Structure formats: C-alpha cells, structure tokens
Amino acid sequence: MEQFALVDCNNFYASCERVFNPSLREKPIVILSNNDGCVVARSNEAKALGVKMGVPFFKITSLVEQHKIHVISSNYALYGDMSARVMKVIGEFAPAQEVYSIDESFLHLTGMRDLAGIGSQIRTRVKDWLGLPVCVGIAPTKTLAKLCNATAKSYSKLEGVLDYNSLSDERKARLLQSFEVGAVWGIGRRLTDKLKMLGITTAYALRESDPEEMSKRFSVVMKRTITELRGISCIDMENIDEARKQILSSRSFGRAVVDLHELEEAVTMYTSRAAEKLRGDGSLANEINVYVRTSPYLQDAYAESATVKFPHPSDDTMFLIKYAVEALRSIYKPGLVYQKAGVTLLNLVPNEGQQLSLFHSQANDAKSKRMMQALDQTNQKYGRGSLFIAGEGINKSWQIRAEYKTPAYTTSWDELAIVHAR
DNA sequence: TCTGGGGTCCTAGGACCC
DNA sequence: TCTGGGGTCCTAGGACCC
C-alpha cells in the first residue's frame, strides 16, 4: 500500500512574522493580501475572534480596533525564503517530496516503518531549527492525508500528528463523518452545492456513494476523489522538477488608473516579472495574454483579454513587452477606471535546441541573452527592481499599497534581523 | 432515401487548489 | 471609499481529416 504524509505549516504567514517578532506570540494577527485588500492569513487568536479567510479588510476595521488585532501587509520575500528553508528540512525525511504550495508538502513514505514516529520527528525538527509549527497527516492516499492533517491541527491531544493507518474502521468512519463534504480536497463550492442536493453532506457520505454513478453524473475527478476516500491511491506524486505550463503576473492597482500610458507601464512591469520567472524556469514562451479589468463590483464592469502569438518562441523581456503592449492596445477602452491588469505567458517550451526561425539572426539572439542575464543577475544581487526596463515608469504611482509591511528579514541586506546582545 | 463513422487537435471555459 | 495573486486539470464543442 502506498503511504503519503502531508506536512503543513500552521498559519504559515502569521508564524513567519512571529519568528522575527516574538512579541506577536499569543496575539491575534491578520496578514493582508497585496494592496492590503483582504485577509489572506490569520493566527488562531484572530480566527477565534471570527475573522474569516478572504474577508475584505475594510469590513473588519472595527473588530481590529476593538480587539487590538495586529495587522501586517504580506511580505512574500520573507515567506518565500522561509518556505524554501522549511521544505529543505522536511525533504530530508523521505525519498520523494512534492512541494505542493508555499506552506505544504507531500512526502512519499511507502515502505517506511513507524510513520507516526517520522511525523513527530519532522514536527520537532522544523520547530527547533526554524521556529515554525507544523502538523502532519499520514494516510494511504493524498486526499485522506489532507483530512488527517486538518484533524491533527484541530485536536491538540494529537500533538500535531495523525496516522490514518492506526485507526480502527469505526474511527475512520467517524473521522470522515466529522468533515463536511466541502472540506474534502477537490470539492469546492459548486460541487458542494450539487452534492447537497443529492443528500451528500459529509466526507463519509461521499465515500459511501457509488463511484461509477458519480463519475457519470459529475466527472472522473469526482470518481478519483471517492476512490481516494476509500483508501485507494489514484493521485500520484507529481514530479516537481517539471517546469510550469504558464506564468501569470498580475496586480491590482493602488489607485484608479484611466490612462493608457499608465496601463502600459504596469503591463510592461508585469511582463518583466513574468519574463524573469520564465528564464528562471529555463523556458521560452510562444504566446502572451494580457487582460485588464475595472472593478468587477461595478455595474458596468469591463473585463477583456487578448492573446498574441509570437513569430518564434522567446524569453527576451523587450521582445515580450512589444507584444504585450500590442495586446493591451487592442483591448484598451478610453474613459474607464481600471483596477487591475495581468499578463500570462503561454505555450511554454524548454529553452533547448529551439529551432530559430529562418529570419531570426543568431547574433541578435546571443546579444539578447547576455542582456537578460545581466538584468537577472543584477536584480538577484542587489534586490528586485534595481535594474528595470524604462517602460515600467519611474514613479509607478499606480503601484500597490502595503502600509503595514514588515522588513524582508532574510532576503535583503538592508533589512536583516538585528540581534540585540544582552 | 433519409443524412457515415471514426479519429485528432485545439480552444474556451469551468472548477478546483493554496 | 476600500474586495489577492498564482497556478492546474478536465470537458465540451468545433475544425479538420480520411
């Protein structure tokens, strides 16, 4: 039988902030999304006060004042760096690891012994070495490992680890009964509603439903989920070395944007960022999609996107920008108040042995390669944004707000944590 | 008389995840 | 007044082929 562990950091962003600011321990904390728009992470204390995930910040301002909730703008440089460290430590425990998100990773434990013991060791080591709390769920399928992880988080008696294999059939059934069907991995809001109409409201009821019939009624994805709930693995470990299939860079603006010129600056910057990621993956893009939108909450909301295909695949920022701006101009409508724009690189291919088009000169290609290397190296060494494309604009007054940001303790020389001698 | 029967590839859109 | 950003996978339907 296969065995998987899901290791998940508890309240990851909030926990990262606490590592560098211990006075935040035991205090309610919320972390805000880019632009300080809504809540993307909460400490347990904030959850207990009723702050919901994803709630717009302006809706909880009185709650924040009333309970002295600490408000922090998200600091992705810090979280990304801490994440890399955590994943490295966790990865030492198993022959195969799949980093599933910034704060979660699956381990392949098939054939290993004392799985719960391994879970405890992981927990202890991450706490000791990095100061971050994690929980571990262990089961013969990823879907069950997810549920076990959630249970390990909510019952302190379990000390952060739950091994599904150690439960009796009756306990397994009770565990599944304790979860609403929407809590199951792969069952979102739409499916939850549809399942409810069939009288399926818990993870247990879903497990007991007929996979074939459900496959016809819904899709093969549903069938897989049911099979996984029955303890038969059908969602394998993914190869994490595979390059991404698309790269998206988008942001809401810090203020209303009407001007085409400002949109061009934004799109230029997003394209630069996406191109950096593209080169980091060692990929080339064949197409670019650009979208703009007004606030979707307006009555006459406008949202449009355009895709442009390149004459040949490329990772050259200047080249990509040219097409991005072309796409933008085709969808720009004057007089609207834009709130967000985004750029997606599509149809990505590995940057090896690419056939150059007939009229594409070798010399130009080498030159652009050196230029892009210089750009990436400078930005890596001196911090993002040290060197940028002129079209991004200097002021960037449309950029996001981040009023409550903490320093980039681990990734920027200017902002290193200071240790005070006693 | 009664509209072939497969196949493949591509795309848009839906649903999900964190 | 204020509502995130970055991904994946699946399906249905159209275009095209023999």
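In what follows, every chain begins at residue 1, and chains take the letters A, B, ... in the order their sequences are listed. Source: prediction; values computed, not measured.
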> What residue pairs, at least two apart or across chains, pass salt bridge (Lys or Arg N to Asp or Glu O under 4.0 Å) with a residue in residues 7-25 of chain A?
A:D8-A:K153, A:R18-A:E45
> What do you reckon, do A:W185 and the base of B:dC17 stack, with centroid distance below 5.5 Å and planes below 30°?
no
> State which residues pass salt bridge (Lys or Arg N to Asp or Glu O under 4.0 Å) with A:E392; sequence neighbours excluded, sorted by chain then number.
A:K396
> Is the phosphate of C:dG6 approached by A:R251 (side-chain N or O, under 4.0 Å from OP1 or OP2)?
yes
> Are A:C38 and A:K59 side-chain neighbours, meaning at least one heavy-atom pair lies under 4.5 Å?
no
> For DNA chain C, determine which residues of residues 47-61 of chain A have any heavy atom closer than 4.0 angstrom to one of its atoms, and list them numerically.
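Within this stretch, A:P56, A:F58 sit under 4.0 Å of the strand.
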> As a check on the pairing definition, encode DNA chain C in dot-bracket form, counting Watson-Crick and G-U wobble pairs whose two distances are under 3.5 Å, and using | for partners outside this strand.
....||||||||||||||
> Rounded to whole Å, how long is the line connecting atom OH of A:Y270 with atom C1' of C:dG6?
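That distance rounds to 14 Å.
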> Of the nucleotides B:dC18, C:dG5, C:dG7, which has the atom closest to the A:N34 side chain?
C:dG5
> Please confirm whether the shortest side-chain N or O distance from A:Q339 to OP1 or OP2 of C:dC2 is below 4.0 Å.
no
> Does any pair with a residue in residues 68-88 of chain A pass ring pair (Phe, Tyr, Trp, His ring centres under 6.0 Å), and if so which ones, sequence neighbours excluded?
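Listed once each, the pairs are A:Y13-A:Y76, A:Y13-A:Y79, A:Y76-A:Y79.
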> Working note: A:S314 + A:D316, criterion side chain to side chain donor-acceptor pair (under 3.5 Å); need CA distance, chi angles, decisive distance, verdict.
CA-CA 6 Å; A:S314 172; A:D316 182 301; 5.5 Å; no
> Could you pull out all residues at least two apart from A:R85 that satisfy side-chain hydrogen bond (donor to acceptor under 3.5 Å, both in side chains)?
A:D81
> Grab the CG-P distance between A:N289 and C:dG6 for me, whole Å please.
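A:N289 atom CG is separated from C:dG6 atom P by 14 Å.
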> Would you classify A:K142 as touching base, sugar-phosphate or nothing, given that sugar-phosphate means primed atoms plus P, OP1 and OP2, and contacts are heavy atoms under 4.0 Å?
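Since no nucleic acid heavy atom lies under 4.0 Å of A:K142, the category is nothing.
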> So, A:N347 and A:K245: side-chain donor and acceptor under 3.5 Å apart, yes or no?
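No, because no side-chain N or O of A:N347 sits under 3.5 Å from a partner of the opposite role on A:K245.
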> Classify A:V39 by what it touches in the nucleic acid, base, sugar-phosphate, or nothing, heavy-atom distance under 4.0 Å.
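Since no nucleic acid heavy atom lies under 4.0 Å of A:V39, the category is nothing.
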> Is any side-chain heavy atom of A:Q339 closer than 4.5 Å to one of A:R293?
yes
> Within the 4.5 Å heavy-atom criterion, are A:N165 and A:L115 side-chain neighbours or not?
yes
> Considering only distance and modelled atom types, tabulate donor-acceptor pairs under 3.5 Å from the side chains of residues 126-145 of chain A, sequence neighbours left out.
from: A:T141; atom 1: OG1; to: A:L144; atom 2: N; distance (Å): 3.1
from: A:T141; atom 1: OG1; to: A:E228; atom 2: O; distance (Å): 3.1
from: A:K142; atom 1: NZ; to: A:E98; atom 2: OE1; distance (Å): 2.7
from: A:K142; atom 1: NZ; to: A:D236; atom 2: O; distance (Å): 2.7
from: A:T143; atom 1: OG1; to: A:E228; atom 2: OE1; distance (Å): 2.7

> Are there over 12 heavy-atom neighbours, none belonging to A:E208, within less than 6.0 Å of that residue's CD?
yes
> Show the distances under 3.5 angstrom between N or O atoms of the protein and N or O atoms of nucleotides 14-16 of chain C.
none

> Within the structure, does a side-chain N or O atom of A:K340 lie under 4.0 Å from either OP1 or OP2 of C:dT3?
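For C:dT3, OP1/OP2 do not have a side-chain N/O of A:K340 under 4.0 Å.
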> Are there any protein N/O atoms within less than 3.5 Å of an N/O atom in nucleotides 8-11 of chain C, and if so, which ones and at what distance?
from: C:dT8; atom 1: OP1; to: A:K245; atom 2: N; distance (Å): 3.1
from: C:dC9; atom 1: OP2; to: A:K245; atom 2: NZ; distance (Å): 2.8
from: C:dC10; atom 1: OP1; to: A:R224; atom 2: NH2; distance (Å): 2.8

> When the C1' atoms of C:dC17 and B:dG4 are considered, how many whole Å apart are they?
14 Å
> To the nearest Å, give me how far apart CG (A:L345) and P (C:dG5) are.
17 Å
> Can you measure A:Y76 atom OH to C:dG5 atom P for me and round it to whole angstrom units?
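Distance check: A:Y76 OH to C:dG5 P gives 9 Å.
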> To the nearest Å, give me how far apart CG (A:L248) and P (B:dC18) are.
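Whole-Å distance recorded here is 18 Å.
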> Are OP1 or OP2 of C:dG6 and a side-chain N or O of A:S250 less than 4.0 angstrom apart?
yes
> What is the distance, to the nearest angstrom, from the CG atom on A:L346 to the P atom on C:dG7?
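Going from CG in A:L346 over to P in C:dG7 covers 11 Å.
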> Quick one: does A:H108's side chain get under 4.5 Å of A:Q97's, heavy atoms only?
no
> Report yes or no: do A:D103 and A:S101 form a side-chain donor-acceptor pair below 3.5 Å?
yes
> For A:N351 and A:S283, test the side chains for any donor-to-acceptor distance below 3.5 angstrom and give the result as yes or no.
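Result is no, nothing qualifies.
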> Residues of residues 186-211 of chain A with any non-hydrogen atom less than 4.0 angstrom from an atom of DNA chain C: list those, numerically ordered, please.
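Heavy-atom cutoff 4.0 Å gives no residues at all.
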> How about A:F310 and A:F319: are their ring centres within less than 6.0 Å of each other?
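Ring centroids of A:F310 and A:F319 are less than 6.0 Å from each other.
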> Measure OH/A:Y100 against P/C:dG6 and give the value in whole Å, please.
17 Å
> Could you list the residues that satisfy salt bridge (Lys or Arg N to Asp or Glu O under 4.0 Å) with A:R329, not counting sequence neighbours?
A:E264
> Tabulate below the donor-acceptor pairs under 3.5 Å that side-chain atoms of residues 173-189 of chain A make, not counting sequence neighbours, or state none.
from: A:S178; atom 1: OG; to: A:L175; atom 2: O; distance (Å): 2.6
from: A:W185; atom 1: NE1; to: A:Y100; atom 2: OH; distance (Å): 3.2

> What is the distance, to the nearest angstrom, from the OH atom on A:Y291 to the C1' atom on C:dG4?
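Taking atom C1' of C:dG4 as the reference, OH of A:Y291 is at 10 Å.
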